[in-house]
J.: 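Below you will find the structure I want to go over with you.
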Amino acid sequence: MKRVTPFHAVLLVALVASTAALGLGILAAREMPVRVSVGEHKLRMSIAGDGSPTVVLETFGPAYLETWNRIQPELARFARVVSYDHAGYWASEPGPKPRDATQIARELHTALHKANLPPPYVLAGYSFGGPYTRVFASLYPDEVVGMVFVDPTQEGFMAMLNEQFPDMSVVTEADRLEQYEWGMQWPSMNQAREARLPTVPMTLITGARTHDVLSRKLLPLWQAEHAKWLSQFPQARHIVTTNSGHGVVFTEPELIINAVREVIAVRQDITRQRR
Amino acid sequence: MNLRTPTSAIAWELWSRGRAGFVAIAALLVLGAVLLPAVQQSASWAGYTNAVAYALTAVVLVTTLGCFHFTEGSRKGGFGSFPMRLFNLPMKTRSLVALPMIYGAAAMVLVYLLCAGLMLRYADADLPLLWPCLYLVFGLTQFQMIIWSLPESRYLKLLCLSIAASIITFGWMFFVPTIVTGALSEWGYTGDPAVFMRRLLVALALTGPAAYAISWLRVHQQRHGLTTRSAVFAAWWDRSIGQLLRRRTPFRSADHAILWQEWRRTGFILPAVVVVIIALTCVPAWLSGGLSGRATMGILSWLIVAPLLFAVVIGRGFSKPDFWSTSLKVAPFHAIKPVTSGQWVMVKLKVAFASAVLTWVLVIYLGFVWTAFAGDFFGPEMWLTRIRFYYSPLERWLMLALAPAAAVIVTWRFLVMNLAAGLSGSKAWYHALNLIVGMVMVALFIFTIRRSDGDPDQQLRFYHVWPAIAWLPLILTAAVTAKMTLAAVAWNHALRGKLISQRAALRYLAGWLLMVAILAGLFFILVRNTLWLRHLLMLVAVLLVPLAGPALAMRSLAANRSNP
């Protein structure tokens, strides 16, 4: 038998590495987010899983779609899930201004249809994604069958914050003139306030963990605003977690996954009962 | 052409040495003037306008510096000096020194103005003229002064060049109003930043005459064979370093002797340069007092980037048969060393690795000491909080173990990046690769500056580069396959040609596997949830550690040795 030489070892390593590279390349290409054309510009979207309804993950523009990385793969086990970068942020091209909630909701709606993701939708909005999903639901009430709010921004709280702590979350005149999402916060919150939501299963998660004096002072007001707003919807469920703060999507992904799972289950029960 | 005046003689000297460079400058300017309007008007390429304009400008300016630096090395190992063969020109030393400086300064200014008019006007930034011109003249004259003034001491010259390089790398920030205003307020300066900048401009303008005066004095001394205090100091410096590195026990083998020689000549360069840079950064930062958490993180980030950056730069020289020689050919005396080309390459790899290890030990140690004594813990704490937020304790411990090893591997990789080209003796190959590396560095530098400048929203956008990112799975897979094919061919040749022993080849292969595993392990932990990115980083780990390179370097060196 011929002796194994170092060249054979190099050859073996080369073969194994090339084969592994091919596998990894294919996997990476399959899992990479795609860009979907929305008129003049393209949005980067990550689509995973199968089935209906489609879970749409929404957050504030500066947060990229990878924010949902701990949640999206788990949701994809039982539903089709989509997350995306807002126009003008990360890998999505800039879109028409003003970048307010209505514009964002319309753009998302177009993107979902262009990506062959037909309704019904379950919307999950994190932080400022809360107001955005509310505007989306009011614009397309027949297409939304469930909503999950993850520590959402409430206009009442923001108004109080603006009054009592004017140095926090300052939107300058320059920001307003630029008409990006940061500068359009107040118009977006006004649109969310006026939004009429459909009667669908709804869950709101509040991150009640505090990490400093300021957050201890503000948390009761934040929580109260959540409870006050949610009281309009008798079918809604309020979950308060003391294990997480505002970063609940990173620290307690299972809480959000379960909330979405329950909203989908309730919706399926309702559909069955109607039949 | 009749060379009747010293002015025309020096001009001819510059022209005859840099013809190819002048043609390249003209071609690049024309290319920029034609390309940039087209890029700006193109719907899909408009986002690249700034990058193309800045990259072309940087390449043109570096080429201009290459044509006008007016220094010369010698094949015996001289690391550059004033062209001594011109000492017998019938002209006064003051003119001999002044003319190349004036020509160089005028060329830099003229080329910058041309770049501004033809290319930079398409970039969406305010276009300053005065300070960049003065700054370019400052860079050129400081470089000339150092090289011309210290022909005797390679170490001292390297030290001074490192200091000048770090000043030039960061100095420009003091002329950018947004940066300087923030920095001055951080340092407790209460005056008007505009006044500060005006004073700085005056100081910058004065450095030119100062550089001329020092160069004149030193070239005059060299021309007349005068022994000077600085020459004595330089000789003392070289003797001291030599004494410090002197070996006191006999060598076990030829292999060992070459390892020692290589270490003495090149091994300590990266650690020494990095320590000097750290000292230049940390000591003034310490003395300025009251650093903020953000500034502390800035300094610590620089400490981490510096070894990698300087490994790329020093790696250009490290890849040559002799770091200190301007020639790429193996000197006959070295060609007959009683070791195979494979052993020689392995020695270079080992020295580079030891150099990288020593560098990172120093960086980590000095970084800790500096942070403890002078830094603000708020910055590092914020990072630790984020790390604690994202990673479990086990992951954090693994990262702590793997990160320094990965840093050493990447630094080592940068040091030996150009080994096959450098040892081949082919100037075309060597310079072509250096040019590519230079362009990549300039592009990265510009990208970093653009990302960290001004509009915070800008930092969150990379939609222009996404189409390129989308191709990465295909590009990286093809690159790994090509690398592996090349490695199989190159190692087959090296082993058949008996350029390296089977045992050494197996040892290198085992080392390669270990290094890839370390990098892959770190990437695996770092990127936990973005699976596509994690897959791509696995491919990057395979590409980062050289496998074909050493075998190709052995082949190159063998050919170079047989044709010294």
Side-chain angles (χ1 to χ4, degrees), chain A residues 5-7 9-35 40-44 46 61-66 68-73 85-94 175 178 180-183 211 245 247 250-251 253, chain B residues 47 385 389-390 455-457 460-467 469-470 472-488 490-492 494-496 500-510 512-513 516 528-536 538-539 542-543 547-548 551:
Chain A
T5 66
F7 172 64
V10 172
L11 208 58
L12 181 69
V13 168
L15 276 172
V16 171
S18 300
T19 314
L22 191 64
L24 286 169
I26 291 169
L27 279 176
R30 277 180 55 189
E31 283 158 9
M32 254 180 141
V34 292
R35 291 221 293 189
E40 298 278 302
H41 62 289
K42 290 177 182 166
L43 299 182
R44 186 176 72 130
S46 172
Y64 44 37
L65 65 84
E66 279 78 12
W68 300 99
N69 267 346
R70 292 189 182 185
I71 292 162
Q72 191 167 0
D85 287 336
H86 284 201
Y89 289 100
W90 304 103
S92 289
E93 292 169 353
D175 293 330
E178 274 192 340
Y180 284 121
E181 287 185 41
W182 180 263
H211 54 85
F250 304 107
T251 48
Chain B
T385 309
F389 185 75
Y390 286 112
D455 179 11
D457 272 354
L460 308 181
R461 286 179 200 143
F462 62 98
Y463 58 87
H464 334 77
V465 291
W466 182 258
I469 294 173
L472 278 181
L474 183 67
I475 293 167
L476 293 180
T477 307
V480 170
T481 311
K483 174 182 175 145
M484 289 301 150
T485 311
L486 191 62
W491 278 98
N492 185 30
L495 287 161
R496 276 173 193 269
I500 186 167
S501 69
Q502 300 212 338
R503 195 189 157 107
L506 275 176
R507 270 211 305 257
Y508 185 78
L509 188 64
W512 184 84
L513 286 170
V516 171
R528 199 167 45 178
N529 299 106
T530 311
L531 294 179
W532 63 271
L533 185 60
R534 185 197 260 184
H535 298 326
L536 292 183
M538 295 292 124
L539 297 177
V542 176
L543 287 171
L547 185 61

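Just so it is clear, the model here is predicted, and its values are computed rather than measured. Letters A, B, ... mirror the listed sequences (proteins, then strands); counts begin at 1.
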J.: Which bit of P33(A) is near chain B, if near means a heavy-atom gap under 4.5 Å: side chain, backbone, both or neither?
T.: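 P33(A) touches chain B through backbone and side-chain heavy atoms alike.
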J.: Indicate the atoms forming the closest heavy-atom contact of T477(B) with L22(A), along with that distance.
T.: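 For T477(B) and L22(A), the tightest heavy-atom pair comes out as CG2-CA, 3.6 Å.
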J.: For the NZ atom on K483(B), are there more than 12 heavy atoms of other groups (residues, nucleotides or ligands in this structure) within a distance under 6.0 Å?
T.: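 Yes.
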J.: Give me the atom names and distance for the closest heavy-atom approach of F7(A) to A488(B).
T.: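 Smallest heavy-atom distance, with atoms named: CE1-O, 3.2 Å.
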J.: Got a second to check how far N529(B)'s CG is from F250(A)'s CZ, nearest 0.5 Å?
T.: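 Separation between the atoms: 9.5 Å.
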J.: Can you say whether L531(B) sits under 4.5 Å from chain A via the side chain, the backbone, both, or neither, judging by heavy atoms?
T.: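 Answer is both: backbone and side chain atoms of L531(B) are under 4.5 Å from chain A.
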J.: Where does R30(A) contact chain B at under 4.5 Å (heavy atoms): side chain, backbone, both or neither?
T.: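 No part of it gets close to chain B.
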J.: Can you check side chain to side chain contact (heavy atoms under 4.5 Å, CB included) on T5(A) and L495(B), steps first, answer last?
T.: CA-CA 9 Å; T5(A) 66; L495(B) 287 161; over 6 Å; no
J.: As an exercise: rank I475(B), V542(B), L539(B), N492(B) by heavy-atom pairs under 4.5 Å with chain A and give me the winner.
T.: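 Top option by heavy-atom pairs under 4.5 Å: N492(B).
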J.: Ignoring hydrogens, what is the shortest heavy-atom contact between A487(B) and V10(A)? Give both atom names and the distance.
T.: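 Reported closest heavy-atom pair: O-CG1, 4.1 Å.
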J.: Atom CE of M484(B) and atom CG of L11(A): how far apart are they, to the nearest 0.5 Å?
T.: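 The CE atom of M484(B) sits 11.5 Å away from the CG atom of L11(A).
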J.: To the nearest 0.5 angstrom, please state how far the CE atom of M538(B) sits from the CG atom of L27(A).
T.: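 Here the interatomic distance stands at 12.0 Å.
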J.: May I have the step-by-step check of side chain to side chain contact (heavy atoms under 4.5 Å, CB included) for W512(B) and V13(A), ending in yes or no?
T.: CA-CA 10 Å; W512(B) 184 84; V13(A) 168; 3.5 Å; yes
J.: Pick from R35(A), E66(A), R44(A): which one has the most heavy-atom pairs with chain B under 4.5 Å?
T.: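 Looking at each of R35(A), E66(A), R44(A) in turn, R35(A) comes out on top.
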J.: Heavy-atom distances under 4.5 Å only: say whether Y390(B) touches chain A with side chain, backbone, both or neither.
T.: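 The answer is both parts of Y390(B).
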J.: Any idea which heavy atoms bring A9(A) and L509(B) closest together, and the distance?
T.: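 Closest approach of A9(A) to L509(B), heavy atoms only: CB-CD2, 3.5 Å.
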J.: Go through it in stages, so that I can follow the logic: the residues are I469(B) and M32(A), the test is side chain to side chain contact (heavy atoms under 4.5 Å, CB included), and I'd like the CA-CA distance, side-chain angles, deciding distance and then a yes or no.
T.: CA-CA 10 Å; I469(B) 294 173; M32(A) 254 180 141; 3.6 Å; yes
J.: Is R528(B) close to chain A through its backbone or its side chain, or both, or neither, when contacts mean heavy atoms under 4.5 Å?
T.: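 Contact with chain A: side chain only.
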J.: Would you mind telling me which of P6(A), G25(A), S18(A) has the largest number of heavy-atom pairs within less than 4.5 Å of chain B?
T.: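 Option with the top pair count is P6(A).
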